[in-house]
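The structure appears below as structure tokens.
Throughout, protein chains are lettered first and strands after them, A, B, ... in sequence-line order, and every chain is numbered starting at 1.
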Amino acid sequence: MAEDGATGFGDVSDRLAAEALIVDVDGFEGPLDLLLTLGRTQKVDLRKVSILQLAEQYLAFVEKAKQLRIELAADYLVMAAWLAFLKSKLLLPPDPSEEGPSGEELAAHLAFQLERLSAMRDVAAKLMARDQMGRDFFARGIPESVERVRRVTYTATLMDLMKAYARTRTKDEFRPYIMDRENLFTMEQALDRLRGLIGYAGEWTNLMTYLPEGWENDPVRRRSATAATFAASLELVKHGHLTIRQEDTFAPIQIKLKEVPRG
Amino acid sequence: MVDLPDDLEPVEESLFEAPPMGEQERMVEAILFASAEPVTVAELNARMPHGAEAAVALENLQKRYEGRGVELRKVGEAWAMRTASDLGFLMQKETVETRKLSRAAIETLAIVAYHQPVTRAEIEEIRGVSVSRGTVDQLLELEWIRFGRRRMTPGRPVTYVVTQDFLDHFGLESARDLPGLKELRAAGLLDSRPPPGMVGLGDGEDEADDSQDQDELFREEDTDE
Amino acid sequence: MVDLPDDLEPVEESLFEAPPMGEQERMVEAILFASAEPVTVAELNARMPHGAEAAVALENLQKRYEGRGVELRKVGEAWAMRTASDLGFLMQKETVETRKLSRAAIETLAIVAYHQPVTRAEIEEIRGVSVSRGTVDQLLELEWIRFGRRRMTPGRPVTYVVTQDFLDHFGLESARDLPGLKELRAAGLLDSRPPPGMVGLGDGEDEADDSQDQDELFREEDTDE
């Protein structure tokens, strides 16, 4: 504070006062802290502190800070407004028609808050004054490590067991419930296949030549593939994409792409 | 404490021969001596042979260590050996540089200890300023406070309570032994008193729930001791 | 400076009243307890009040701890307190870790439970994969399965059956209480049909032998069939 003492004498005291106030405001942890300090200056038991007087002290403090154009945090101003309100409530005779807490109730609560904060500070100091570990008393300096012997137990529930069993059994016995499609050639498959191939069939071709690869020899598969391909060819005839013919009973069935007029 | 031996009484007649009490005392002594951390009665029993009654052995041992350079101390639900406080002056060499706690942190710690379980909003209400995240974090990091149950009020805020480490550090047997606790309670300074005109905040059933919480915290110590 | 000569005189007559021996013992006790390393006599003397005789205090302390759970031990030129060597076993803490059985193990177990007595080959046939030696060993070790009678088929393979421990663990009175067993059987799922080309399973005299085994466990099912 002394390093810039070069400026005139007149305003030094003002400036020091201002600075003192700044320091003071900074030194308080919020309005409640400031109120507690102001309350203590009344030199009475906090329970008997005059809230009215306290409110006036606070408002005077804020007023002074404003004059000195010291920036006060919003909560200081909110508290000031609230205290002004409280002051008016305490001074005016109570309005019986008015709802809400009376001035006395509000004042009593503020007194309670101040007393509680003060009490917490006292016990905080008492707590810190206690013997502390690592300062006044000590724990074992060479703790012996406790060897952990890990024993693993396995567990399973009945449900796990049931599920596991069902899982193993699902692999075979349950399968027949699902359609076995391994040896089944569906009409949809045959249709897809035919649609892809008939474009090249400009002449009469034996239907059996359209059987998919690998389905021609195994009797089960050939039957399935033949049936599907035949049904598919009928479907394509129905839609006018193919013509189909059979020269004689049991003679090979032949198909041919139908000439469709363009457009 | 007193209940445990009763529970274990029939063990003496069991197939497992419990070691003689003198031997049990030695065991408790060895375990507590070797450990830097407090050890619970349950853990003592678990580590000692079947049929041992750690609670009884502890009592005997505590008498034996009375007035010695090392003491047997109860910390919450656990027991620990600590050097006698009057000999602290001999230990300069051991003294751990303790981190200086800020005034905010010290006050917050005290509020948690005396008002537990307490929410951040309540701490702020009591201190009249907002509590910075760092303050709470520091106390959590020191493991002096921990999260308690959530409060059953709107928003279900978390609460804070003090830990066994806290008790251990300040040489407290339980949170009930906090200095001045009875006086504060008698003066009504630990009541959660909502500001007049504010209804529904911390009222009614929530209030009941809270006091239950607190009761439980303090009762726990009562019954288990 | 002036004190120095006094130092050399008998301690009793010194200006500095040395603490009583009991007090010195306490000090040595506390220092040894709290020190992170063994402490030499010289260091003890340096840390204790003027006139103290650490060596004497140490000797007394050592006697005091004789036969206790903690011993005063000389480590090189220094002293330390350690737990009595016969109590080393207390420095172990058994932690029990519970794990879920592997899929292979639980499936194997289920098959043994439902199909007992069952051979490894049969388990593999049902599971459709080979059963590792480890899986079976684990179940044997857990004492959830045990060896049953040998099957009277070529190679006389051993069979597995579930144990009383298994029943206890799963809260079953007998294996026939396995939930859903009847339902599964009704659905034909327990029909242990030999795959084509495999004969002799559950045939002839083996059948008699097996059903005897099974009788004990599956009597109800047997009569149902």
Side-chain angles (χ1 to χ4, degrees), chain A residues 27-36 46-47 73 75-76 79 82 86 89 98-147 149, chain B residues 30-38 47 70-71 73 80-89 91 94-98 101 103-104 106-111 113-115 125-130 165 168-172 178-181 183-184 187-191 193-198:
Chain A
F28 292 114
E29 273 198 274
L32 202 59
D33 189 22
L34 170 59
L35 277 168
L36 184 59
L46 271 173
R47 264 164 289 190
D75 49 349
Y76 281 84
M79 179 59 91
W82 187 81
L86 176 61
K89 276 211 146 199
E98 201 187 70
E99 282 184 30
S102 69
E104 274 73 25
E105 282 170 329
L106 294 173
H109 187 72
L110 179 59
F112 166 74
Q113 281 182 291
L114 292 175
E115 197 194 342
R116 183 174 60 184
L117 179 59
S118 167
M120 289 324 296
R121 290 197 172 154
D122 289 349
V123 292
K126 274 186 200 157
L127 191 64
M128 297 318 281
R130 281 186 71 87
D131 289 336
Q132 292 184 38
M133 190 158 71
R135 190 186 77 185
D136 306 294
F137 63 91
F138 296 82
R140 179 72 176 130
I142 320 172
E144 281 164 59
S145 56
V146 178
E147 187 193 339
V149 181
Chain B
I31 295 173
L32 290 186
F33 201 92
S35 171
E37 300 286 316
R47 279 166 68 179
V70 174
E71 289 170 354
R73 286 205 197 167
M81 289 230 193
R82 300 289 178 247
T83 61
S85 300
D86 66 313
L87 299 177
F89 70 95
M91 311 294 177
E94 258 65 56
T95 308
V96 196
E97 253 326 294
T98 40
L101 282 184
R103 177 175 146 178
I106 291 169
E107 278 182 28
T108 303
L109 178 65
I111 291 167
Y114 286 82
H115 290 261
E125 219 264 310
I126 293 169
R127 296 199 62 231
V129 282
S130 61
D165 278 8
D168 196 13
H169 185 91
F170 290 99
L172 292 162
L178 284 165
L181 183 74
E183 292 82 349
L184 285 181
L189 291 170
L190 298 184
D191 303 346
R193 211 185 285 180
M198 264 187 98

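- Atoms CG and CG, on D86(B) and D136(A) in that order, are 10.5 Å from each other to the nearest 0.5 Å.
- Interatomic distance, CD1 of I106(B) versus CE of M120(A), reported as 12.5 Å (0.5 Å rounding).
- One distance of note links CZ of R121(A) with CD1 of I111(B); it measures 8.5 Å at 0.5 Å rounding.
- The distance from the CZ atom of R116(A) to the CG atom of L184(B) is 11.5 Å, given to the nearest 0.5 Å.
- For D168(B), the parts lying under 4.5 angstrom from a heavy atom of chain A are both the backbone and the side chain.
- Proximity to chain A involves both the backbone and the side chain of E125(B), based on heavy atoms less than 4.5 angstrom apart.
- Of the inter-residue distances, the one linking F137(A) atom CZ with E71(B) atom CD reads 9.5 Å to the nearest 0.5 angstrom.
- Residue with the most contacts toward chain A among P179(B), G188(B), G128(B): P179(B) (heavy-atom pairs, distance under 4.5 Å).
- Residue R130(A) touches chain B through its side chain alone, counting heavy-atom pairs closer than 4.5 Å.
- S85(B) touches chain A through backbone and side chain together, each having a heavy atom under 4.5 Å away.
- Between the NE2 atom of H169(B) and the CD atom of Q132(A) there is a distance of 3.5 Å, given to the nearest 0.5 Å.
- Minimum interatomic distance between F112(A) and D191(B) (heavy atoms only, all atoms of both residues): CZ-O, 3.8 Å.
- The minimum heavy-atom distance linking L101(B) with M128(A) is given by the pair CD1-CE, 4.3 Å.
- With a 4.5 Å cut-off on non-hydrogen atoms, F33(B) touches chain A through its backbone and its side chain both.
- Contact check on R82(B) versus D131(A) returns no salt bridge, with no Lys/Arg side-chain nitrogen under 4.0 Å from an Asp/Glu carboxylate oxygen.
- Between chain B and the residues D75(A), L117(A), L36(A), the most heavy-atom pairs under 4.5 angstrom are made by L117(A).
- The contact between A36(B) and chain A is made by backbone and side chain atoms together, counting heavy-atom distances below 4.5 Å.
- Taking each heavy atom of R140(A) and S35(B) in turn, the nearest pair found is CB-O, 3.9 Å.
- Using a 4.5 Å heavy-atom threshold, the side chains of L127(A) and L109(B) count as touching.
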